[in-house]
Amino acid sequence: MAEKKGKLIIISAPSGTGKSTIIGELTKDESLKLEFSISATTRQPRRGEQDGVNYYFMTVEQFKAAIAGGEFAEYEEVYPGRYYGTLKREIERINGDGRNVILDIDVKGGVNVKRMYGDEALSIFIAPPSIATLKARLEGRATDSAEEIAKRVAKAEFELTFADKFDHRVVNDDLATAVEQTRSLIKQFIN
Ligand code: 5GP
């Protein structure tokens, strides 16, 4: 579900793949002129997360009202009852500042946005070296319950089947290498 606008970098990955860390590193690189698109979500904030920084945290009612009001460029029910969406005003704000939008969205959203924007968008799939590594990372993060981790691992197995629908795939085995590979793909795309 989406509407076309501007030029975008799409980063998708199973949760726990190191995607947020990679995006954090890349947004620090001024030569890329990237700005993170803050999504709206109905999930609860994790420890340390701030409203308007990591996400715009909304109730399901607020989110549904935003859908009805046509406020989203795209949205997905990423987990049952948990909605995540890219607000049109967020993309407009970033494009209006002459910067490149970087989207951290789920694999379905990533594939949809790439389909809509075509050559205007670069889609990169960040993959874990293996499912076992991913599980260990989620456990190490200690921000989610065991039940939540089991859900995310099952979902990751499904999400990995989407990797070949992206323009590029980067395996995050070594973080610094993954950051450099992603940086170089973005540099080629925006130059
Ligand atoms: P988390 O709860 O771990 O922050 O995110 C869960 C999943 O939702 C991740 O795959 C993340 O990329 C995805 N996600 C975050 N924001 C959006 C969004 O605006 N749209 C879509 N489609 N997925 C999103």
Side-chain angles (χ1 to χ4, degrees), residues 1-6 8-24 26-27 34-58 60 62-64 66-67 70-94 101-117 121 123-128 131 134-135 137-145 147-163 165-166 169-170 172 182:
M1 184 144 315
E3 247 172 62
K4 184 168 162 42
K5 261 209 181 100
L8 309 170
I9 315 291
I10 303 159
I11 309 278
S12 296
S15 159
T17 309
K19 173 184 53 174
S20 311
T21 313
I22 294 173
I23 292 174
L26 295 171
T27 49
L34 295 176
E35 190 161 338
F36 182 65
S37 164
I38 304 165
S39 294
T41 183
T42 64
R43 82 151 162 75
Q44 293 299 308
R46 294 198 186 106
R47 208 178 317 124
E49 284 184 334
Q50 279 179 282
D51 186 45
V53 176
N54 308 89
Y55 281 105
Y56 298 111
F57 294 100
M58 290 185 178
V60 174
Q62 286 170 328
F63 199 99
K64 288 193 170 162
I67 295 173
E71 293 179 35
F72 288 110
E74 66 78 39
Y75 69 89
E76 295 286 339
E77 187 176 0
V78 178
Y79 300 98
R82 290 212 204 141
Y83 295 87
Y84 294 80
T86 308
L87 292 157
K88 287 180 188 169
R89 60 176 172 270
E90 194 62 14
I91 293 181
E92 280 158 13
R93 178 181 68 80
I94 298 168
V101 182
I102 187 158
L103 298 171
D104 171 345
I105 60 178
D106 84 308
V107 294
K108 270 201 209 159
V111 170
N112 287 338
V113 173
K114 173 62 192 181
R115 197 179 294 136
M116 291 181 330
Y117 285 80
S123 67
I124 303 173
F125 187 96
I126 313 283
I131 286 288
L134 180 72
K135 188 161 184 273
R137 279 186 193 163
L138 286 171
E139 284 165 354
R141 186 159 79 175
T143 47
D144 297 311
S145 66
E147 189 195 341
E148 185 75 20
I149 290 172
K151 263 200 233 164
R152 283 172 188 265
V153 169
K155 192 171 174 71
E157 288 177 322
F158 169 70
E159 289 171 326
L160 283 172
T161 66
F162 284 73
K165 293 185 167 55
F166 283 71
R169 188 172 74 120
V170 169
N172 184 10
T182 311

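Just follow the structure's listing: the first ligand is 1, and inside any ligand the first atom is 1.
- For the pair Ile102 and Glu35, the minimum side-chain heavy-atom distance is 4.5 Å or more.
- Glu77 and Arg82 are not joined by a salt bridge, as no carboxylate oxygen comes within less than 4.0 angstrom of a charged side-chain nitrogen.
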Quick one: do Val113 and Leu103 satisfy side-chain contact (heavy atoms from CB on, under 4.5 Å)? Show the steps, please. CA-CA 10 Å; Val113 173; Leu103 298 171; 4.1 Å; yes

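- Only the side chain of Arg152 comes within contact range of ligand 1, with a heavy atom under 4.0 Å; no backbone atom does.
- At most 12 non-hydrogen atoms from other residues, nucleotides or ligands lie less than 6.0 angstrom from NZ of Lys108.
- A cation-pi arrangement is absent between Lys114 and Phe166, since the terminal nitrogen or guanidinium carbon is not both under 6.0 Å from the aromatic centre and inside a 45° cone about the axis.
- Close approach of ligand 1 to Lys19 (heavy-atom distance below 4.0 Å) involves ligand atoms 9 (C), 10 (O), 11 (C), 12 (O).
- An N or O contact shorter than 3.5 Å links Gly85 to ligand 1 by distance.
- Side-chain contact annotation: Tyr79 with Arg152, donor-acceptor N/O pair under 3.5 Å present.
- No N or O atom of Tyr75 sits closer than 3.5 Å to an N or O atom of ligand 1.
- Considering both main-chain and side-chain atoms, Glu49 never comes within under 3.5 Å of ligand 1 through any nitrogen or oxygen pair.
- Interface of Glu76 with ligand 1, defined as ligand atoms under 4.0 Å from a residue heavy atom, comprises 22 (N).
- Among all non-hydrogen protein atoms, the one lying nearest atom 20 (N) of ligand 1 is Glu74 OE2, 2.6 Å.
- For atom 19 (O) of ligand 1, the closest heavy atom belonging to the protein is Ser39 OG, 2.7 Å.
- Between Asp144 and Arg46 there is a salt bridge, since at least one side-chain N of the basic residue sits less than 4.0 Å from a carboxylate O of the acidic one.
- Distance from atom 22 (N) of ligand 1 to its nearest protein heavy atom, with residue and atom name: Asp106 OD1, 2.7 Å.
- The closest protein non-hydrogen atom to atom 7 (C) of ligand 1 is Val78 CG1, 3.9 Å.
- For ligand 1, the polar-atom distance check against Tyr79 finds no nitrogen or oxygen pair separated by under 3.5 Å.
- Residue Tyr55 touches ligand 1 through its side chain alone, judged by heavy-atom distances below 4.0 Å.
- Ligand 1 does not have Lys108 within reach: every non-hydrogen atom of the residue lies 4.0 Å or more from it.
- Among Asp104, Asn112, Ile23, the residue whose heavy atom sits closest to atom 15 (C) of ligand 1 is Asp104.
- Around the CZ atom of Arg169, the shell of radius 6.0 Å holds no more than 12 heavy atoms that belong to other residues, nucleotides or ligands.
- Glu90 and Ser37 share no donor-acceptor pair across their side chains, judged by distance under 3.5 Å alone.
- Residue-to-ligand polar distances place Arg43 within reach of ligand 1: an N/O pair is separated by less than 3.5 Å.
- Although no hydrogens or angles enter the test, the distance criterion places no donor-acceptor pair under 3.5 Å between the side chain of Thr41 and the main chain of Phe57.
- Contacts of Glu148 with ligand 1, taken as heavy-atom pairs under 4.0 Å, are absent altogether.
- Taking the six-membered ring for Trp and the full ring otherwise, the centers of Phe158 and Phe162 sit less than 6.0 Å from each other.
- In this structure, Glu159 has no heavy atom closer than 4.0 Å to ligand 1.
- Distances shorter than 4.0 angstrom do not occur between any heavy atom of Arg82 and any atom of ligand 1.
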